[in-house]
Amino acid sequence: MAAILPTFDMLLFGGTGDLVTRKLLPALYRRYVAGQVSEDSRIVGLARSSLTREDYVAQAEAACREFLGGEFDAEKWANFSRLLGYGRVVAAAAEDYVQLAHALQGREKIIRVFFFSTASTLFSAISENLAKAGLVTPLSRVVLEKPLGHDVESADLINAQVGAIFSERQIYRIDHYLGKEAVQNLMALRFGNILFEPLWRRGLIKHVQITVAEELGVERRGQFYDMTGALRDMVQNHLLQLLCIMAMEPPASDDPDAVRDEKLKVLRALRPLRDREVLAKTVRGQYRAGSVHGVSVPGYLEEADIDPDSTTETFVALKAEIDTWRWAGVPFYLRTGKRLQERLTELVVTFDDVPHPIFETPPPSEAANLLVIRLQPDESITLTVLAKNPGEGMRLKPVSLALDLGETFKTPSLDAYERLLMDTVKGNLTLFMRRDELDAAWRWIDPIIAGWQQYDEKPKSYIAGSWGPAAASALIGRDGFEWHDEL
Ligand code: BG6
């Protein structure tokens, strides 16, 4: 059983929103059931709706029943729900925070986590009002949900305004991909073993692919998504963070800043894409009606809350290059999209060919040595090696050394938000983005958006349930490679 954490107050802004109800409350319930949350901790939803505590608890219960499925236990819920509270807070209304301060009186010496799960345009007002009401204590910390801003300037402004109230050590910029067990495993694979390190470089790796494919469409988030698009929603954060972990130098320790310093170096070494290069090295896509696993689904333009003339991308593929000694000349192909053929998050490292083949070789499109690290839906590590095909002659064939991590450990892994929420209570910043990382990520993303605007690059249509527009295959094909699912 996990060790019990110090008592905390968790204040969830955007308390009736999707993230809080679908992810945060179920995550907190699971940690409570696991024995990590003390009985005198408090979890308070804050939102603009006029709800009673009972209404809120009922909403929270319905959501947890739905999202926890068979794991939901009415008796445990009854105990957990005693920790729940609700407060009506309009982000810009200073008087609402006075009420909140009143409700928290006497709890100033308790760890206080403010989780901002609202549009990032409200972060500054919320921080200021918290400070004015005297709610920011030395034991306070603030969690900022992504996307933080929509470009480098807006992110910078929010960071400055939140930074005027909270110190950098109190700011937890969340990217839930960093909290996934499988992403931690990637760190373990790279920095807990000597095996791959000597091979992890130019001359021995041909290219790296990072795919985050989703079957889902925009769901109930049409309004947000149409203003955001896949590049800002997924690439700027999740895919670039995965790229950092794949490409970073071994940190000197697992101290938060040691890890974040190394990730920052990768982001700063990304070769900028400018002007026409943007067109040559990126692909934008948008899904049209199709079917996913045999179920018909509408096109993006027919989804609720989407402008019928929208040119927002729901798919991005791009080629990134890292200008360092280790990675010069090794392309990193990134790809993400909604309504793709299957849910799949996968990192594929293709190693170089042997310098001098002495046996009959396999068909050219089949790479001999591939390391496939699958993060979702299941967690596995597969290494492809060539073995001799039985029979006469030395005909080699790719075979797999496969490790299914779920099967091996047989312990259910923590959901990303469970781990990250507990880390905020513990005060561990390792899995959160530092301000300079976020800044570097936006600095690389902004010129791509500018390039698309400059050349009026419209998204290419792809059929829902496919692997995205054909141009994505052409992007990697021009370098003589293929996406892993096309092998
Ligand atoms: C979120 C994006 O950050 O990540 C969503 O805003 C996306 O659009 C989600 O669906 C994917 O997360 P996961 O954990 O389901 O892969």
Side-chain angles (χ1 to χ4, degrees), residues 1-8 10 12 18-39 41 43 60 63-73 76-77 79-80 83-84 111 113 115 117 141 143-146 172-192 212 214 237-238 241-242 244-245 254 256 259-260 263 343-347 373-381 403-433:
M1 192 173 246
I4 192 158
L5 293 180
T7 298
F8 62 85
M10 179 99 39
L12 305 168
D18 236 35
L19 183 76
V20 171
T21 48
R22 290 178 50 219
K23 295 281 187 183
L24 305 188
L25 290 172
L28 289 161
Y29 168 84
R30 290 182 91 193
R31 288 296 88 208
Y32 174 81
V33 171
Q36 238 183 332
V37 180
S38 69
E39 296 293 342
S41 291
I43 297 161
C64 284
R65 271 183 192 279
E66 181 183 347
F67 295 105
L68 290 163
E71 246 184 89
F72 185 89
D73 178 299
K76 290 179 181 145
W77 173 265
N79 293 333
F80 171 72
L83 276 48
L84 295 180
I111 292 171
V113 182
F115 195 119
S117 170
R141 46 213 71 170
V143 187
L144 307 182
E145 187 48 53
K146 63 150 273 278
Y172 292 67
R173 293 179 195 81
I174 214 161
D175 180 320
H176 78 281
Y177 267 57
L178 291 179
K180 289 184 188 271
E181 191 76 37
V183 176
Q184 310 250 282
N185 242 320
L186 182 56
M187 302 268 275
L189 184 76
R190 283 206 58 205
F191 307 128
V212 181
E214 294 187 85
N237 33 77
H238 305 327
Q241 286 294 319
L242 291 176
C244 284
I245 296 176
D254 68 352
V259 174
R260 299 190 298 179
K263 287 198 291 159
R343 177 169 184 248
L344 177 74
T345 302
E346 197 177 71
L347 313 169
I373 304 161
R374 182 173 283 198
L375 312 183
Q376 293 181 145
D378 47 329
E379 250 190 273
S380 63
I381 301 173
L403 172 64
D404 179 329
L405 288 155
E407 264 300 301
T408 306
F409 290 111
K410 293 200 170 61
T411 359
S413 54
L414 292 190
D415 173 76
Y417 278 104
E418 283 179 66
R419 180 191 320 282
L420 295 173
L421 285 170
M422 294 304 102
D423 277 358
T424 64
V425 175
K426 289 182 204 160
N428 184 353
L429 279 158
T430 309
L431 299 176
F432 296 85
M433 283 191 283

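Quantities reported herein were computed from a predicted structural model and do not represent experimental measurements. These values consider heavy atoms only, across backbone and side chains, with no hydrogens, waters or symmetry-generated copies. Note that the numbering runs from 1 along the sequence shown for the chain.
The shortest side-chain heavy-atom distance between I111 and R141 falls under the 4.5 Å cut-off. Looking at M422 and L414, their side chains never come closer than 4.5 Å, going by heavy atoms from C-beta outward. Two residues are said to be in side-chain contact when any heavy atoms from C-beta on lie closer than 4.5 Å; F115 and L19 meet this criterion. Residues R30 and D415 form a side-chain contact, since some pair of their non-hydrogen atoms from C-beta on lies under 4.5 Å apart. Contact annotation: the side chain of Y172 never approaches that of L420 to less than 4.5 Å [non-hydrogen atoms, C-beta and beyond]. When side chains are defined from C-beta on, I245 does not count as touching R190, because their heavy atoms never get closer than 4.5 Å. At least one side-chain heavy atom of L25 sits less than 4.5 Å from a side-chain heavy atom of V20. In this structure, the side chains of L242 and Y177 come closer than 4.5 Å at one or more pairs of heavy atoms.
Summarising the geometry of S41 relative to T7, their closest heavy-atom pair is OG-CA, 3.5 Å, with the distance given to 0.1 Å. For the residue pair K146 and I174, the shortest heavy atom distance occurs at CB-O, 3.9 Å. T408 and D404 make their closest contact through OG1-O, 2.7 Å (heavy atoms, listed as atom of the first residue, atom of the second, distance). Here the closest non-hydrogen pair linking S38 and I4 is CA-CD1, 3.8 Å. Minimum heavy-atom separation, R343 to P377: O-CD, 3.2 Å. Taking each heavy atom of A416 and H176 in turn, the nearest pair found is CB-O, 3.2 Å.
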Would Q184 and L431 count as a side-chain contact (heavy atoms from CB on, under 4.5 Å) if you check the C-alpha gap in whole Å, the side-chain angles of each, and the deciding distance to 0.1 Å? CA-CA 9 Å; Q184 310 250 282; L431 299 176; 3.2 Å; yes
Yes or no on salt bridge (Lys or Arg N to Asp or Glu O under 4.0 Å) for R419 and D423, after CA distance, side-chain angles and deciding distance? CA-CA 6 Å; R419 180 191 320 282; D423 277 358; over 6 Å; no
Could you walk me through whether Y29 and E418 pass side chain to side chain donor-acceptor pair (under 3.5 Å), step by step? CA-CA 9 Å; Y29 168 84; E418 283 179 66; over 6 Å; no
Take K180 and E379, measure what salt bridge (Lys or Arg N to Asp or Glu O under 4.0 Å) needs, and give me the verdict at the end. CA-CA 10 Å; K180 289 184 188 271; E379 250 190 273; over 6 Å; no
For M10 and V425, run side-chain contact (heavy atoms from CB on, under 4.5 Å): C-alpha distance rounded to whole Å, both residues' side-chain angles, the deciding distance at 0.1 Å, then the answer. CA-CA 9 Å; M10 179 99 39; V425 175; 4.1 Å; yes
Could you give me the CA-CA distance, side-chain angles and deciding distance for F67 and T21, then say whether side-chain contact (heavy atoms from CB on, under 4.5 Å) is met? CA-CA 9 Å; F67 295 105; T21 48; 5.6 Å; no
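One finds the CZ atom of R31 at 12.5 Å from the CD1 atom of I43 (value rounded to the nearest 0.5 Å). Atom CG of L189 sits about 5.5 Å away from atom CD1 of I373, to the nearest 0.5 Å. We find the CD-CG distance between Q36 and L421 to be 10.5 Å, quoted to the nearest 0.5 Å. To the nearest 0.5 angstrom, L178 atom CG is 9.0 Å from C244 atom SG. The structure places CG of N185 at 6.5 Å from CZ of F409, a figure rounded to the nearest 0.5 Å. Once rounded to the nearest 0.5 Å, the distance linking CG of L186 with CG of L347 reads 6.0 Å.
Side chain of R260 to backbone of F432: a donor-acceptor contact under 3.5 angstrom is found.
Sparse packing is recorded around CG of D254, with 12 or fewer heavy atoms of other residues, nucleotides or ligands lying under 6.0 Å away.
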